[in-house]
2 protein chains.
Amino acid sequence: MEDIKVIRELREIIRILERKLGVIEDEIFCCGITMAQCHALVEIGRAKNISLNELACLLNLENSTMSRTVNNLVESGYVKREIDPVDRRYVAISLTERGISLFNSIEEGMNQYFNQVYSLIPEDKREQVIESLYLLVDAIKESESCK
Amino acid sequence: MEDIKVIRELREIIRILERKLGVIEDEIFCCGITMAQCHALVEIGRAKNISLNELACLLNLENSTMSRTVNNLVESGYVKREIDPVDRRYVAISLTERGISLFNSIEEGMNQYFNQVYSLIPEDKREQVIESLYLLVDAIKESESCK
DNA sequence: TAAAATAGTTGTATATTGCAATTTATTTTT
DNA sequence: AAAAATAAATTGCAATATACAACTATTTTA
């Protein structure tokens, strides 16, 4: 409860960062599909193979919402569904060729972008910035378990 | 183009941070209204008084979308519209009593939350974390002008 | 004063979202 | 083994969000 000023500063800079990151995602990378679909596509691509509930959980969405967004991705030919033969309740969601190709171009673009950002951080501060991001995420994680 | 590994690390940690921040916003603070409305309400509250296009620009939305979200906030009694008497093309958007009260409780909650997060950062690293966030935002800003 | 520019709204179409109910499949209990 | 409970996913429904394009009202500018 001490440094109210510093805490507002922290909040403010995180707010600005959040907005910037949103714009980056929005404007630079998700061409052709919606943001919701882009997020899903990237998570599917990273997981290679994922169930609907897992995906919904990752993206913090209802599974009904998730199911329909997956529908849209399937209709656009980026994603396919396959029933898990071991437990037929599960649907294995994965990328099609077309989906992989889009995923790769998003990944490529992202890496290029962050490469640029990284290079614009003063060289002697780069390590510190990454360490700090870890520290911040750790603090947030801890605060979850506190609550 | 050097440290590919470090760049992926940066990207990954930012990704995790983004997700965490999303959950915080979503689950902890925007009770009763939708996220879109919450974002708008907070921006209006911070600005005290703002035009539709400015608001749309802040939130990176089409002004048509913005107009309708403002509609919903007006219908719920959180926000009011007033025509600018100086230039009657402009609409001055501001919070009602009810809106101010919700805004304050969101602000309060946010400050409390970030207070907790701040306190969970090791004391000797707190300054560094804030500095690093500035450095990161600066790098992102610079990358915008580069492109 | 006529044309251009600006701010905002509305028409239209699609996507997102969440809650509740339902279907199908598996696991647990009796 | 049959019944009950649980689990994963989909579907019905209704509200909201979103963007593009067309439109209205107002102000600026040429």
Side-chain angles (χ1 to χ4, degrees), chain A residues 22-23 25-44 47 49-94 102, chain B residues 19 22-23 25-44 47 49-94:
Chain A
V23 173
E25 279 200 328
D26 205 25
E27 290 186 354
I28 313 188
F29 297 112
C30 280
C31 3
I33 57 175
T34 65
M35 280 296 294
Q37 288 173 28
C38 183
H39 284 146
L41 184 131
V42 170
E43 292 300 337
I44 296 165
N49 202 292
I50 192 170
S51 77
L52 188 84
N53 280 344
E54 277 178 291
L55 186 57
C57 182
L58 273 178
L59 297 172
N60 248 73
L61 293 168
E62 286 291 313
N63 62 351
S64 59
T65 302
M66 203 64 260
S67 180
R68 282 182 248 250
T69 296
V70 169
N71 282 351
N72 290 329
L73 285 168
V74 170
E75 270 167 43
S76 312
Y78 294 112
V79 158
K80 60 179 187 287
R81 275 191 252 235
E82 283 159 323
I83 291 170
D84 181 339
V86 176
D87 185 334
R88 294 167 47 73
R89 287 173 301 184
Y90 287 80
V91 169
I93 299 165
S94 60
L102 179 53
Chain B
R19 194 184 290 166
V23 174
E25 277 199 328
D26 206 25
E27 291 189 351
I28 313 190
F29 299 113
C30 280
C31 4
I33 58 176
T34 65
M35 281 296 294
Q37 288 174 27
C38 183
H39 285 146
L41 183 132
V42 170
E43 291 301 337
I44 297 165
N49 203 291
I50 193 169
S51 79
L52 189 85
N53 280 345
E54 278 179 289
L55 186 57
C57 182
L58 273 179
L59 296 173
N60 248 73
L61 293 169
E62 285 292 312
N63 61 354
S64 59
T65 302
M66 201 68 258
S67 180
R68 282 181 246 250
T69 295
V70 169
N71 282 351
N72 289 330
L73 285 167
V74 169
E75 269 166 44
S76 314
Y78 294 113
V79 159
K80 59 181 188 285
R81 274 191 252 237
E82 282 159 322
I83 291 170
D84 181 341
V86 176
D87 185 335
R88 294 169 46 74
R89 287 174 301 184
Y90 287 81
V91 170
I93 299 166
S94 60

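Just so it is clear: chains get the letters A, B, ... in the order the sequence lines come, proteins before strands, and each one is counted from 1. For the numbers below, each heavy atom of this structure counts, side chains included, while hydrogens, waters and symmetry mates do not.
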Roughly, in whole Å, what's the span from CG in B/Leu61 to C1' in D/dC20? 14 Å
Between A/Leu58 and A/Ile50, is there a side-chain heavy-atom distance shorter than 4.5 Å? yes
Side-chain donor/acceptor contact of A/Arg68 with base of D/dG12 under 3.5 Å: yes
Protein-nucleotide distance (B/Asp26, atom CG; C/dG18, atom C1'), rounded to Å: 11 Å
Rounded to the Å, how far apart are B/Leu59 CG and D/dT16 P? 18 Å
If you pin A/Thr65 and B/Ser64 to their nearest nucleotides in DNA chain C, which one's is more 5'? B/Ser64
Per B/Ser67 side chain, nearest of listed nucleotides C/dT10, D/dT16, D/dT11: C/dT10
Hey, which sits more toward the 5' end of DNA chain C by its nearest nucleotide, A/Glu75 or A/Val86? A/Glu75
Which nucleotide wins on minimum distance to the side chain of B/Tyr90, given the candidates D/dT18, C/dG8, C/dT16? C/dG8
What's the closest nucleotide to the A/Leu52 side chain, out of D/dT10, C/dT16, C/dA5? D/dT10
Starting at CE of B/Met66 and ending at C1' of C/dG8, how long is that distance when rounded to a whole Å? 13 Å
Measure the spacing between CZ of A/Arg89 and CG of A/Leu52 and express it to the nearest 0.5 Å. 14.0 Å
NE2/B/His39 to CG/B/Leu61 distance, rounded to the nearest 0.5 angstrom? 10.0 Å
Counting side-chain heavy atoms from C-beta on, which of D/dA8, C/dA5, C/dT16 comes nearest to B/Arg89? C/dA5
Name the nucleic acid region contacted by B/Thr34, choosing base, sugar-phosphate or nothing; use a 4.0 angstrom heavy-atom cut-off, strictly under. sugar-phosphate
What nucleotide among D/dA21, D/dA9, C/dA25 has an atom nearest to a side-chain atom of A/Asp87? C/dA25
Take B/Val70 and B/Val91, measure what side chain to side chain contact (heavy atoms under 4.5 Å, CB included) needs, and give me the verdict at the end. CA-CA 11 Å; B/Val70 169; B/Val91 170; over 6 Å; no
